[in-house]
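First up is the structure itself, then whatever we jot down about it.
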Amino acid sequence: MAQGQPIFILPEGTNRLLGRDAQRTNILAGKVLAETVRTTLGPKGMDKMLVDGLGDIVVTNDGVTILKEMDIEHPAAKMLVEVAKTQEDEVGDGTTTAVIIAGELLKKSETLLDMDIHPTIIAMGYRQAAEKAQEILDEIAIEDISREILVKVAMTAMTGKGTEKAREPLANLIVDAVQQVADDGEVDTLTLITLKSRKKMVQ
C-alpha cells in the first residue's frame, strides 16, 4: 500500500484554507449572515427584497425565508441556515434571533482565538454556558400561565408571518386549541367543530 500525502479532489476554482485562516473565514461567513438578517428584527425591522436567478421577487422580514432564498455556498454559513431551519421546525419562531446569537458567539470566539485560547476550550465553555442558561430558564419558568400572556405570546409569534390584520382573533383561536389539548392530548369532536367554525368566522 502506497504511503504519502493524501490526494484531495476539489472543484475548479476552489480555495482550500487551513488553520487560523480557515477559522477566520468561517467566523466571517457566520457574522456576515447574522448581519444580513439583523436589520429585520424588532418592531422597526425592515423587509428584504430578494430576487432569484429567474427574476422572481420575494419580499419578507422572516429570517428563515430570507436564508432559504439566499444562494449560500459557504459550509459554515450553511450551518447557520440549518440552525434557522431547526428553530423554525421545532418552535416556528425565533429564527432571526437564533442566527444573530450564533453570529455573536462566533464574533466573541474570534476575540478569544486572538488571545490564543484553543478552539476546544472555547467550545467547552460555550457548552457549559448553554447548560447554565438552561438551568436559569428552568428556575424562572412559569408553570401557571394566564390566558392573557398566552395570547400575547401567540400574537408575537405571528408578527411578520402575514397575519397582522387578524392577529388577535387568530391568537385567541390558537390559545383555545392549545388549552383544549393541554390536559390529555386529545380533542373531542364538539371542540373541533367549535374551533373550525371560529376559524371560518376569522377568515
Side-chain angles (χ1 to χ4, degrees), residues 15 22-114 122 126 129-130 133-134 136-137 140-142 145 147-175 177-178 199 202-203:
N15 293 323
Q23 290 172 351
R24 292 191 183 282
T25 304
N26 290 338
I27 290 170
L28 178 62
K31 290 195 302 185
V32 168
L33 206 58
E35 288 299 324
T36 301
V37 297
R38 183 189 298 274
T39 53
T40 67
L41 196 63
K44 295 185 179 180
M46 296 179 289
D47 289 349
K48 299 286 185 185
M49 180 184 290
L50 308 171
V51 183
D52 64 15
L54 299 174
D56 293 331
I57 297 173
V58 176
V59 179
T60 182
N61 67 357
D62 181 42
V64 73
T65 303
I66 294 168
L67 295 173
K68 282 179 180 177
E69 293 292 332
M70 292 173 67
D71 187 15
I72 297 171
E73 295 294 335
H74 196 283
K78 282 184 176 180
M79 288 179 69
L80 278 190
V81 174
E82 289 304 315
V83 168
K85 287 180 179 178
T86 302
Q87 179 74 11
E88 177 73 11
D89 292 341
E90 295 294 326
V91 182
D93 192 30
T95 53
T96 303
T97 305
V99 172
I100 291 173
I101 290 174
E104 288 299 316
L105 290 173
L106 287 170
K107 188 187 294 185
K108 185 63 180 175
S109 67
E110 190 172 29
T111 305
L112 296 172
L113 288 169
D114 289 338
I122 297 172
Y126 280 166
Q134 188 62 54
I136 295 171
L137 287 172
I140 64 175
I142 303 171
I145 303 175
R147 179 184 175 81
E148 183 183 357
I149 293 176
L150 289 173
V151 170
K152 286 180 179 179
V153 170
M155 289 173 66
T156 301
M158 280 186 238
T159 303
K161 309 289 186 184
T163 57
E164 281 80 1
K165 292 182 180 179
R167 275 199 316 170
E168 193 165 347
L170 281 173
N172 280 292
L173 185 64
I174 290 166
V175 171
V178 169
K199 182 179 179 183
V202 170
Q203 292 174 338

Pairwise distance CD1(Ile66) to OG1(Thr36) - rounded to 0.5 angstrom: 8.5 Å
Cut-off 3.5 Å, no hydrogens considered: what does the side-chain donor-acceptor table look like for residues 76-87, sequence neighbours left out?
| from | atom 1 | to | atom 2 | distance (Å) |
| --- | --- | --- | --- | --- |
| Thr86 | OG1 | Glu82 | O | 2.8 |
| Gln87 | NE2 | Asp93 | O | 2.9 |

Gap between atom OG1 of Thr95 and atom CD1 of Ile100 - 0.5 Å precision: 9.5 Å
Spatial distance of atom CD1 (Ile122) from atom CG (Leu105) [nearest 0.5 Å]: 11.0 Å
Closest contact, heavy atoms only, Ile27 versus Ser109: CD1-OG, 3.8 Å
Non-hydrogen side-chain atoms of Arg147 and Asn172 separated by less than 4.5 Å: yes
Residues Val37, Leu33; criterion side-chain contact (heavy atoms from CB on, under 4.5 Å); working and verdict: CA-CA 7 Å; Val37 297; Leu33 206 58; 6.0 Å; no
Pair Glu104 + Lys108, salt bridge at N-O below 4.0 Å: no
Closest non-hydrogen atom pair between Met155 and Glu168, with its separation: SD-CA, 4.3 Å
